[in-house]
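Here is how names work: the chains are called A, B, and so on, in the same order as the sequence lines, proteins then strands, and each is numbered from 1. Note that the coordinates shown come from a computational prediction; the quantities given were computed from them, not determined experimentally.
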There are 2 protein chains.
Amino acid sequence: MKASTDQVLKQSRVQRLEQTPTSELPRPSRNARGESPCAACPVRDMNVCGALTDTDLATMNAISTDKTFERDQTLIWEGEAAGEFFIVSEGVAKVFKLLPDGRRQITGFLYPSDIVGLASNERYAYTAQALTPMRVCRFPRSKVLELFDEMPVLCRKVCCVASNELAAAQDQMVLLGRKNAAERLASFLLLLLRRKHLRGEEGQAIDTPMTRAEIADHLGLTTETVSRTVTQFRKLGHIELDGPHHILVRDEPALADLAAFDDPDGLPHTASF
Amino acid sequence: MKASTDQVLKQSRVQRLEQTPTSELPRPSRNARGESPCAACPVRDMNVCGALTDTDLATMNAISTDKTFERDQTLIWEGEAAGEFFIVSEGVAKVFKLLPDGRRQITGFLYPSDIVGLASNERYAYTAQALTPMRVCRFPRSKVLELFDEMPVLCRKVCCVASNELAAAQDQMVLLGRKNAAERLASFLLLLLRRKHLRGEEGQAIDTPMTRAEIADHLGLTTETVSRTVTQFRKLGHIELDGPHHILVRDEPALADLAAFDDPDGLPHTASF
DNA sequence: ACCTTCCCTTGACTCATCTCAACGAACCCA
DNA sequence: TGGGTTCGTTGAGATGAGTCAAGGGAAGGT
C-alpha cells in the first residue's frame with residue numbers, strides 16, 4: 001500500500017545522482033526554459049519514469065502538474081477519495097495508518113522516485129505527510145488509467161512497482177513479527193543506506209529527517225526503545241551520530257549481521273514485468 | 001482462468017461450498033469431458049479470472065496447467081527461480097519467509113481464487129506450502145508476461161490484484177506493529193470470516209486448517225499465546241470451538257471492537273484499475 | 001535575551017508476552 | 001493393541017520492551 005519502503009530500492013537502473021560529485025546537480029526548476037520539466041528531473045531515469053521513452057514521458061508530462069509541499073503538509077488523507085498519484089522528485093514523506101485510539105503505524109517513508117497513491121482503491125487507505133519540503137509530480141488517477149491502454153509499458157511498470165512494494169511490505173512483516181529491537185533498527189538503517197546508494201548517492205552517512213517517534217512507529221517500538229538502541233549501537237561503534245538526524249554507518253557488516261537480512265547480498269531486486 | 005460458459009459461474013461465485021450439504025459438490029475434474037476446465041472452476045468468477053471474457057479466458061487456459069498438491073507439499077521455494085504463477089482453485093496454503101536462525105513469518109494464507117508468485121522478482125522471495133490438499137492453475141510466468149501485450153485487461157487486473165495485496169499487507173503491518181495479542185487474533189478471525197463470505201460461503205463458522213503455531217507465526221505471537229487467547233475468547237463467549245480447527249464466531253461485534261479495524265464497515269476494497 | 005515547545009536521552013519500574021515445562025488427546029503405523 | 005509423534009492447552013516463572021518520569025538541548029517566537 002503505499003509507496004513505501006522499497007520501491008526505490010528495488011530499482012536497479014539508477015545511475016543518475018551519483019554523477020553529481022563532479023558537476024553540480026542541475027536542480028529542476030519547474031518548466032524552466034520551457035522544455036519538459038522531466039528533462040531536469042533528478043529522478044528522470046528512475047522507477048516508472050526510467051522505463052519510458054522520451055515520447056511516452058512527454059505524454060505523461062502532459063497530464064502531470066508539479067507541486068510542492070512544506071514540512072508537515074499532507075499529500076493525501078486516509079479516507080479521502082483517491083484521485084491522484086504522486087511521484088516524489090525531492091524531499092521525504094511518511095506514510096501511515098491510524099487506529100481509532102490514535103496508535104500509528106508508519107508503513108513507509110517516501111524518497112525521491114517513490115510513488116504514492118497507487119495502492120489505493122476508491123479511497124486512500126493511508127495518510128502521507130511531508131517530513132521535509134517536497135517537490136512531487138502529480139498525476140490525475142483517471143488520466144493515468146486512460147493512458148494504460150495506449151501505453152502498455154506504463155501499466156507493466158506500475159505492476160512492477162506494486163510488486164516490488166509488496167516484496168518490501170513482506171520484509172517489513174518479518175521485521176515487525178519476528179525481529180527484536182536491535183534487529184529492527186539495524187534492518188532499518190541498512191535499508192535507508194541501501195536506498196541512498198540506489199539513488200546514486202555515495203557515502204555511509206544517512207540522514208533521517210524523521211523523529212525518533214516516527215522511527216518507532218515504523219518499527220513497532222517506542223521512542224525510548226529506539227533512542228536506547230541507537231545509543232547502544234553508538235557505544236558499540238556500529239554507528240556514529242552527528243546530531244540525531246545524521247547517522248554515519250561505521251560498521252555495516254555488524255549491522256548486517258544483526259539485521260538478519262534474508263537477502264544476504266543486499267542486492268536490490270527488480271521485478272521483471 | 002479458463003474459458004467457460006457462464007451459467008456455472010454465476011452460481012459458483014457464491015454459493016458453492018455451502019450448498020454441499022444437500023448436493024454433492026461437483027468437483028471440477030481437470031479437462032473432464034474435454035471442455036475448458038474453467039467451466040467447472042469454483043473460482044471462475046473471482047479475482048483475475050472474473051475480469052476476463054470467455055475468449056480471454058480461453059487464451060489464458062491455453063497456457064495453464066492444472067496441478068494438485070498434497071498437504072505439506074511445497075508450491076514454490078524461497079530463492080528459487082520464479083518461473084510460475086499459481087491461482088488457487090481449491091485448498092489452503094501458507095506463504096512464509098524464514099530468518100537464518102529459523103524464525104518464521106507467515107505473510108499470508110492462500111484460499112481459492114488467491115494468486116501466488118506475483119510478488120516475485122527473478123527469484124521467489126518466499127515459500128508457499130499446502131496446508132490441505134490443493135488444486136491450482138499454473139501459469140508460466142514468461143507466457144503470462146507475453147499475454148500482457150495482447151490482453152491489456154490482464155495487466156490491469158494484475159495491477160489491481162497487487163494493489164489489493166499491498167493494502168492487505170499494510171493492514172498486517174498495523175496489526176504486527178501496533179496491536180496486542182487479543183486484537184491480533186480478533187483481526188485475524190474476522191479477516192478469515194470476511195474472506196469466507198467474499199468467497200460466497202455463508203455462516204459464522206470458519207475452518208482454520210493451520211495449526212496454532214502457524215497462526216502464531218502469522219500474528220507475531222507464540223503458540224502458547226494464541227492458544228491462551230483463543231481460550232479467553234471462548235470463555236468470553238466471543239467464539240465457540242468445535243475442535244481446534246473449527247471456530248464459530250458467536251459475537252462478531254465484540255471481535256470487531258477488539259480488532260480495531262480501520263475499516264469499520266468491513267467492506268472489501270476493490271482496486272479500480 | 002528570554003520563554004516556550006518539541007525532541008532526545010536516560011533511569012527506574014511494570015507488564016504483556018515469551019520461555020520452559022508438563023500433560024492429555026488425536027493420529028499414525030506396525 | 002501399543003508406542004511414537006504431533007498438537008493443543010495450561011501453569012509458573014523470566015524478560016524484553018513498554019510506561020512513567022525527569023532533565024537537557026535546540027529551535028522558534030516575541
Is the side chain of A/R199 donor-acceptor paired with the backbone N or O of A/R194 at a distance under 3.5 Å, no angle test? no

Aromatic ring pairing A/F188/A/F109, orientation class (parallel under 30°, perpendicular over 60°, tilted between): tilted

From CG (A/L185) to CD1 (A/I215), nearest 0.5 Å: 7.0 Å

Calculate the interatomic distance between B/R212 atom CZ and C/dC18 atom C1'; express it in whole Å. 18 Å

Just call it for B/G220: base, sugar-phosphate, or nothing, with non-hydrogen atoms closer than 4.0 Å on any strand. sugar-phosphate

To the nearest angstrom, the CZ-P distance between B/R71 and C/dC28 comes to 10 Å

Look at all strands and tell whether B/T211 reaches a base, only sugar-phosphate, or nothing, counting heavy atoms closer than 4.0 Å. sugar-phosphate

Could you state the CG-P distance from B/L131 to D/dC7, rounded to the nearest angstrom? 12 Å

The side chain of B/E224 lies closest to which of these nucleotides: D/dT10, D/dT9, D/dG18? D/dT10

Measure from CG on B/D72 to P on C/dC28 and round the result to the nearest Å. 12 Å

To the nearest 10 degrees, the angle between the two end axes of the helix from C/dA1-D/dT30 to C/dA30-D/dT1 (five pairs per end) comes to 40°

Does C/dT10 have its OP1 or OP2 closer than 4.0 Å to a side-chain nitrogen or oxygen of A/T231? yes

Can you tell if the side chain of B/E183 reaches within under 4.5 Å of the side chain of A/R103, non-hydrogen atoms only? yes

Residue from B/T229, B/T222, B/T223 passing side-chain hydrogen bond (donor to acceptor under 3.5 Å, both in side chains) with B/T225: B/T222

Within the structure provided, determine whether A/I239 and A/R250 are in side-chain contact (heavy-atom separation under 4.5 Å). no

Would you mind telling me which of D/dG18, C/dC7, D/dG8 lies closest to the side-chain atoms of A/H245? C/dC7

Quickly work out the A/D242 CG to C/dC8 C1' distance and round it to whole Å. 15 Å

Taken to the nearest whole Å, CD/B/Q232 to P/D/dG8 is 18 Å

Among the candidates D/dG8, C/dC8, C/dT17, find the nucleotide nearest to the side-chain atoms of A/P244. C/dC8

Rounded distance in Å - CG (B/L241) to P (D/dG8): 11 Å

For A/S227 and A/R178, find the nucleotide of DNA chain C closest to each by heavy atoms; which residue's nucleotide sits nearer the 5' end? A/S227

Minimum-distance nucleotide (side-chain atoms of A/L221 versus C/dC8, D/dG18, D/dT9): D/dG18

For B/R228 and A/R234, take the nucleotide of DNA chain C holding the closest heavy atom to each; which residue's nucleotide lies nearer the 5' end? A/R234

Using whole Å, report how far CG of B/N180 lies from C1' of C/dC18. 15 Å

Sole candidate of A/L98, A/L176, A/V95, A/L99 that passes side chain to side chain contact (heavy atoms under 4.5 Å, CB included) when paired with A/Q105: A/L176

